Amino acid sequence: MNLLLTASGLRNETLRDALRDMLGRPFGSANVVFVPTASVAEPGDHGWFVADMNRLHGLGWREFDVLELNGLPRQMVLDRLLNADVIYVEGGNQYHLARSITGNGLSDGFLEALESRVYVGVSAGSMIFSRNLTGHSADVIGDTTDLHALGATSVEPPFGLFDWYLKPHLYSPNFPERDDAWADRVVARADFPIYFIDDETAVRVRDGKVDVISEGRWRFHP
């Protein structure tokens, strides 16, 4: 399983090179499927979404598919995932994304697709693999507003692959409150490992090994 878990997508050459290496061939000979599901539950201006989709599209794929996880037959969704070489899951509301996967019975099929494909997560798309994606972690991190916006107080992790939790956008100008003091307060409350990554960083999971690739800054608290 090959996962490139970013905060803000393929924003720099280091991250793009990492994806090329994981894919093992040029982007022009590969299919990508872009999953916007998490973004639709995020209110406000979506210029960030358009910019990231355009940046991804500009890499020159053989086929650029767009796949919404809700409202389509389960097998159609899985077939579209299987047609891709790279599964790119956009940011937004991580709880809506997780509930879309579990609620549509996609968890097992999604994991099966990932056995032979590269996954790129953006923000929410990077957060859904932790077994600590729960109502408890929402309280610890301070994300309960995003969960309650869905009319929910709990969430089931769709995959539960890792005990560590990933929190994106450290030091981001779009989230000015996410500085070292904020991260220190979260760590003081947390009873699980956390990666904090900025917008130029990714956590890479490759054949069971976890490392960090970055042109920016990040923190890990075991």
Side-chain angles (χ1 to χ4, degrees), residues 2-23 27 32 34-59 61 64 86-98 118-130 132-133 137-138 140-143 145-146 162 164-187 190 193-206 210-221:
N2 294 302
L3 314 176
L4 188 65
L5 306 178
T6 78
S8 291
L10 305 171
R11 288 169 54 103
N12 59 59
E13 197 58 35
T14 297
L15 298 179
R16 291 188 288 271
D17 283 346
L19 178 56
R20 287 189 190 96
D21 180 58
M22 296 169 81
L23 182 59
F27 297 144
V32 64
F34 178 88
V35 178
T37 299
S39 69
V40 301
E42 192 72 16
D45 183 82
H46 276 58
W48 58 270
F49 168 85
V50 175
D52 193 49
M53 183 170 63
N54 285 338
R55 181 166 50 235
L56 179 66
H57 183 263
L59 296 178
W61 303 90
F64 187 97
V86 175
I87 299 170
Y88 189 100
V89 179
E90 187 55 83
N93 187 310
Q94 66 271 26
Y95 304 115
H96 176 64
L97 177 59
V118 180
Y119 179 97
V120 180
V122 180
S123 192
S126 296
M127 300 170 71
I128 57 173
F129 291 94
S130 177
N132 282 301
L133 182 70
S137 66
V140 169
I141 301 292
D143 284 346
T145 299
D146 293 333
F162 314 118
W164 48 265
Y165 192 91
L166 187 150
K167 185 62 180 175
H169 309 304
L170 186 64
Y171 314 121
S172 171
N174 296 318
F175 299 88
E177 76 283 1
R178 296 187 189 178
D179 56 12
D180 283 317
W182 165 81
D184 289 342
R185 290 192 297 271
V186 171
V187 169
I194 306 178
Y195 282 95
F196 298 94
I197 63 173
D198 75 358
D199 292 342
E200 305 293 332
T201 299
V203 175
R204 176 173 55 186
V205 182
R206 190 171 193 178
V210 180
D211 65 351
V212 177
I213 52 177
S214 179
E215 289 190 11
R217 296 178 289 173
W218 57 279
R219 296 171 50 165
F220 176 63
H221 297 270

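If you read the sequence from its start, that first residue is 1, and numbering goes on from there. For clarity, every value in this text was computed on a predicted model and none was experimentally measured.
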Answer yes or no: is there a side-chain heavy-atom contact under 4.5 Å between [X] and [Y]?
X    : Y    : result
W48  : S39  : yes
H96  : V40  : yes
V32  : F27  : no
D143 : Q94  : yes
F162 : L3   : yes
V140 : Y165 : no
Y119 : L5   : yes
I194 : N132 : no

When you measure from the side chain of [X] to the backbone N and O of [Y], does any donor-acceptor pair fall under 3.5 Å?
X    : Y    : value
D199 : S8   : no
S130 : W164 : yes
R178 : P168 : yes

Original post:
How many angstroms lie between CE in M22 and CZ in R206, if you round to the nearest 0.5 Å?
Top reply: 6.0 Å

Original post:
Could you state the interatomic distance from CZ (R55) to CZ (R16), rounded to the nearest 0.5 Å?
Top reply: 8.0 Å

Original post:
When you check the side-chain N and O atoms of Y171 and D180, is any donor under 3.5 Å from an acceptor?
Top reply: yes

Original post:
Is any NZ, NE, NH1 or NH2 atom of the basic residue among R219 and D184 found under 4.0 Å from an Asp or Glu carboxylate oxygen of the other?
Top reply: yes

Original post:
For the residue pair Y88 and F64, is the inter-centroid distance of their aromatic rings smaller than 6.0 Å?
Top reply: no

Original post:
Any idea how W218 and Y195 line up, ring-wise: parallel (<30°), tilted (30 to 60°), or perpendicular (>60°)?
Top reply: tilted

**OP:** Starting from the C-alpha separation in whole Å, work towards a yes-or-no answer on side-chain contact (heavy atoms from CB on, under 4.5 Å) for I141 and M127.
**Re:** CA-CA 12 Å; I141 301 292; M127 300 170 71; 6.0 Å; no

